[in-house]
Amino acid sequence: MSTEQRALPSSDPSRRDFFKIGLVASAGLTLAALVPSALAATGDPTKSAPVFEPNAFVRISEDNTVTVMCKHTEMGQGTYTGLPTIVAEELDADWSQIRAEGAPANAKLYNNLFWGKAQGTGGSSAIANSFAQLRQAGATARAMLIAAAAKQWNVAADSISVAKGVVLHKASGKKATFGSLAKLAATMPVPTDVKFKDPKQYVYVGKKVPRTDSVAKTSGSAIFTQDLKLPGMLTALVAHPPRFGAKVKTFDPTKAKAVRGVVAVVAIPTGVAVVAKDFWSAKKGRDALTVEWDESQATKTSSAELITQYRALAQTPGAVAKKVGDAASTLAKCTKRVDAEFEFPFLAHASMEPLNCVVQISKDGCEVWNGEQNQTGDQFAISAALGIRPDQVKLNQLFVGGSFGRRANPKSDYLLEAVSIAKAINQGATAGVPVKMLWTREDDMAGGYYRPLYVHRISAGVDAQGKPLAWQQRIVGQSIAAGTPFEPMMVQNGVDVTSVEGAANLPYAIPNLQVELHSPRVGIPIQWWRSVGSTHTAFSTETIMDDLAKLAGKDPVAFRTELLAKFPRHLSVMKLAADKAGWGKPLAPGKPGERRGRGIAVHESFNTFVAQVAEVTVASDGSFTVDRVVCAVDCGIIINPDVVVAQMEGGIGYGLSAALSGSITLTDGVVDQSNFHDYPVLRLPEMPKVEVHTVASTENPTGVGEPATPVIAPAVGNALFAATGKRLRKLPFQTSELKA
Amino acid sequence: MIKLNVNGKQLNVEATPDTPLLWVLRDDLQMTGTKYGCGMAMCGACTVWVNGAPTRACQTPVSAVVGQKVTTVEDIAQTPAGKAVQAAWRKLDVVQCGFCQSGQIMAAAALLARNKRPTDAEIDAAMAGNICRCATYVRIRAAIKDAASTLP
Ligand code: FES
Ligand code: FES
């Protein structure tokens with residue numbers, strides 16, 4: 001995805017650096033215990049340094065630990081379990097000897113193979129781009145361990161087998177652990193033609209393997225950026241302007257500086273930073289601060305105005321993203337048609353861990369500790385801001401308290417803010433001091449980089465036999481890629497492909513299809529949000545499919561089935577979900593006055609296919625519950641079925657949260673929401689029962705972090721329609737429209 | 001100087017009395033298992049026990065817990081309910097990003113400590129104040145039931 005063509009010199013924080021910090025830290029309180037575990041890693045730290053490192057991904061120590069270097073961020077989606085599973089499988093390791101560790105920023109070794117030369121995590125690509133690479137890494141290490149054993153025992157390599165971490169020569173009964181062979185294995189030539197296992201022999205892939213991060217995350221010991229403490233570290237909060245694009249005019253630091261614990265108050269490009277010895281001092285300092293803002297360049301728009309403008313734009317032709325046949329003229333010939341408008345609000349990611357970042361500037365460069373998701377882009381952005389080389393920017397990977405896309409900011413926004421604070425205090429007594437920038441929940445909520453607001457307009461029609469003939473769709477909303485390093489790659493002929501994905505590739509056999517796009521420039525910072533374009537296109541397209549089924553007088557599943565002949569994977573997940581949900585069988589009735597309904601939606605994103613059937617109960621006042629969701633997924637070869645299930649559950653909950661209540665609005669440029677009281681999110685009592693079914697497949701594995709999210713809103717909307725006959729086309733759902 | 005009893009230890013901290021317990025735990029005592037998620041008692045990430053009752057540390061001034069017994073996630077395994085909850089969380093692999101989970105575990109353990117056989121409605125009521133943005137709710141429910149089944 002990146003357009004950076006320059007080769008990236010390596011920046012490889014060695015483990016030794018961490019031990020060095022640990023020693024310095026031990027002068028302080030309990031810091032020594034905190035700092036060495038600062039890297040995102042699971043399991044016990046190895047007692048001995050690795051002696052066998054056959055490639056960038058596998059490190060074997062004499063204490064028999066196998067460390068798998070994970071190039072992709074663990075932000076909940078299970079990478080630190082799935083990636084090591086692939087290595088453990090080909091290595092024939094025992095799962096108990098595996099530990100996962102976050103790889104440092106080093107695009108030469110750890111680039112995302114789907115992103116060219118850049119390292120980063122996104123687009124549900126972690127497993128998909130790593131599968132072959134990690135099989136190779138594991139199989140290579142295994143072959144070298146066998147070679148070492150063959151040499152040590154003076155037997156033929158092909159008479160040696162490996163299982164569950166034990167290297168065995170059956171004829172003689174000789175056995176060895178990986179740890180005992182590691183030193184010798186390191187001297188063996190690296191084989192070039194390793195053979196991968198026959199999938200029939202898999203012992204881990206396709207089975208439930210426990211998460212590597214469960215223990216750390218249930219004992220309070222996992223270190224997130226919020227938790228990091230370095231010697232001498234200061235904490236900073238930033239006063240941001242109330243409107244995007246405003247700048248500091250003047251500020252009076254006197255009262256803030258009078259707060260006990262406040263060390264410095266400095267202007268930075270994005271506001272005024274209050275730097276203190278801890279959070280509470282910084283917070284009190286910021287509360288006491290007065291800032292006057294220059295709003296001459298500020299955005300003063302309101303979201304209601306944007307909707308009006310976008311609706312007008314949707315009436316005019318846009319850039320053509322897809323054209324098959326002649327939709328406009330065919331529409332006129334349709335016997336029955338639907339013309340509908342959809343509205344989607346701005347959405348905050350609202351990750352559980354508000355944004356934060358630790359930065360230390362030294363004469364050698366800049367060191368960052370962070371839940372890092374966009375390594376190469378961030379290295380370039382930071383190096384440019386500081387006038388240093390990218391290889392002087394060292395990024396240390398920590399656990400991430402949720403991201404949903406936010407920490408892969410194409411403009412490196414929050415990292416550059418933290419860097420600007422470190423730069424501003426890099427003098428006098430605070431020169432070179434590490435600074436932890438924390439955003440409060442309020443900062444995070446009002447900080448922008450939202451899923452853009454969109455309006456869609458769709459006209460579609462069927463012939464007298466109920467066959468769909470034409471579909472014309474216009475999408476209006478800001479381009480995520482425009483103005484970022486991703487623009488040359490993602491914007492083609494005026495169309496940001498991430499704005500139309502899910503619509504421009506509509507799978508249904510409709511002979512006349514036209515999808516157009518307007519990408520107005522608006523000064524609200526926006527960004528990708530879990531499943532990107534599909535967050536809106538799945539809802540509009542799957543809602544219209546339900547409308548067309550109704551116009552055709554057909555059952556929604558039967559109607560879609562006729563149109564998906566060329567898309568067997570869509571078809572198979574839809575059939576599986578429908579079967580398991582008991583589609584076609586009557587739902588148990590609700591209590592008197594309640595209306596019940598079932599709805600289906602199917603959608604592909606990131607090459608993973610998901611269908612969901614939702615069951616709802618609607619009360620007479622229009623309020624409703626989602627009682628049950630049956631989900632079917634085809635993500636190719638399944639690495640860890642339990643992680644797949646967890647991502648379907650979580651993705652459904654995340655999408656449902658947005659569909660029920662997610663909405664960021666602006667009034668005269670000021671964000672109206674500030675915390676979870678006015679940006680309500682899904683809570684446990686609202687979580688439906690979820691049943692997940694997977695499709696067995698021999699296709700290459702694809703991701704599961706995002707694809708469940710976009711499917712739930714249309715499944716619920718279609719269920720509400722089935723229950724009430726009322727069609728909701730605006731998210732979040734307005735329950736007032738469902739009153740009996 | 002403020003005297004605290006945290007996880008059975010007597011500790012002295014230098015903090016202004018209005019400082020929320022959350023920030024005393026995190027910044028003064030380096031006990032970072034207890035998380036900041038909202039600062040206004042809306043999310044439950046900061047849940048600790050005060051004399052066994054689940055309490056939002058972000059809205060509790062440190063002066064209010066002088067003379068009280070504070071328990072945090074770091075020590076919750078020392079209680080039978082906490083131990084059972086932690087084990088069930090691991091068995092069912094509840095966690096995703098993990099950031100909310102200290103608070104979830106503290107809330108769940110508090111529920112089971114006073115009610116070993118909670119109904120679905122009681123689980124809903126006890127856990128409604130704890131947000132999980134990864135939406136691990138299906139497994140939180142299941143793990144609470146699993147933990148309950150292991151308690152005598
Ligand atoms: S941080 Fe205390 S409830 Fe959210
Ligand atoms: S596990 Fe991520 S917020 Fe709960």
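The chains referred to below are lettered A, B, ... by the order of the sequence lines, with proteins before strands, and numbering in each begins at 1. All values derive from a computational prediction rather than experimental measurement.
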Checklist entry - Based on non-hydrogen pairs under 4.5 Å, which of V690(A), D213(A), D642(A), L656(A) is most in contact with chain B? => result D642(A)
Item to check | Derivation and outcome, side chain to side chain contact (heavy atoms under 4.5 Å, CB included), residues Q30(B) and K229(A) | outcome: CA-CA 8 Å; Q30(B) 294 301 308; K229(A) 177 90 174 182; 3.4 Å; yes
Next on the checklist: I'd like to verify something: which residue of G653(A), P688(A), A350(A), P210(A) has the highest number of heavy-atom pairs under 4.5 Å with chain B?
Outcome noted: A350(A)
Item to check | Per-residue contact mode, A77(B) against chain A (heavy atom under 4.5 angstrom) | outcome: neither
Checklist entry - Roughly how far, to the nearest 0.5 Å, is the CG atom of D27(B) from the CZ atom of F279(A)? => result 8.5 Å
Next on the checklist: Can you confirm whether more than 12 heavy atoms, excluding those of K277(A), are under 6.0 Å from its NZ atom?
Outcome noted: yes
Checklist entry - Is it the backbone or the side chain of V209(A) that comes under 4.5 Å from a heavy atom of chain B, or both, or neither? => result backbone
Next on the checklist: Can you give me the closest heavy-atom contact between T218(A) and Q86(B), atom names plus distance?
Outcome noted: O-NE2, 2.9 Å
Next on the checklist: Do R133(B) and F404(A) have side chains that approach each other closer than 4.5 Å (heavy atoms only, starting at C-beta)?
Outcome noted: yes
Checklist entry - Would R441(A) and M40(B) count as a side chain to side chain contact (heavy atoms under 4.5 Å, CB included) if you check the C-alpha gap in whole Å, the side-chain angles of each, and the deciding distance to 0.1 Å? => result CA-CA 9 Å; R441(A) 175 59 60 197; M40(B) 60 181 294; over 6 Å; no
Show me the donor-acceptor pairs, under 3.5 Å and distance only, between side chains in residues 1-14 of chain B and residues at least two apart or in other chains.
residue	atom	partner	partner atom	Å
N5(B)	OD1	G8(B)	N	3.4
N7(B)	OD1	T72(B)	N	2.8
N7(B)	ND2	T72(B)	OG1	2.9

Next on the checklist: With a 4.5 angstrom heavy-atom cut-off, is it the side chain or the backbone of T440(A) that approaches chain B, or both, or neither?
Outcome noted: both
Checklist outcome for this item: The reported gap from NE2 in H677(A) to SG in C43(B) (rounded to nearest 0.5 angstrom) is 13.5 Å
Checklist entry - Side chain, backbone, both or neither: which part of D18(B) has an atom under 4.5 Å from a heavy atom of chain A? => result both
Item to check | Best-contacting candidate, N130(B), T34(B), T16(B), against chain A by heavy atom pairs under 4.5 angstrom | outcome: T16(B)
Checklist entry - For chain A, which residues from residues 118-125 of chain B have at least one heavy atom closer than 4.5 Å to it? => result I123(B), D124(B)
Item to check | Shortest non-hydrogen contact from M352(A) toward A45(B) | outcome: CE-CB, 4.4 Å
Item to check | Residue-level interface, residues 89-103 of chain B with chain A, non-hydrogen cut-off under 4.5 Å | outcome: W89(B), R90(B), K91(B), L92(B), D93(B), V95(B), Q96(B), C97(B), G98(B), F99(B), C100(B), Q101(B), S102(B)
Checklist entry - What distance do D227(A) atom CG and M31(B) atom CE have between them, rounded to the nearest 0.5 Å? => result 12.5 Å
Checklist entry - Under a 4.5 Å cut-off applied to non-hydrogen side-chain atoms, are Y36(B) and Q226(A) in contact? => result yes
Item to check | Residues of residues 134-152 of chain B contacting chain A, heavy-atom criterion under 4.5 Å, by residue number | outcome: C134(B), A135(B), Y137(B), V138(B), R139(B), I140(B), R141(B)
Next on the checklist: Under 4.5 Å from any heavy atom of chain B, what part of V215(A) do you find: side chain, backbone, both or neither?
Outcome noted: both
Next on the checklist: Looking at chain B, which one of K689(A), K208(A), E686(A) has the largest number of heavy-atom pairs inside 4.5 Å, strictly under?
Outcome noted: K208(A)
Checklist entry - Does a side-chain heavy-atom distance below 4.5 Å link F676(A) with I131(B)? => result yes
Next on the checklist: Out of K284(A), E442(A), E353(A), return the one with the most heavy atom pairs under 4.5 angstrom to chain B.
Outcome noted: E353(A)
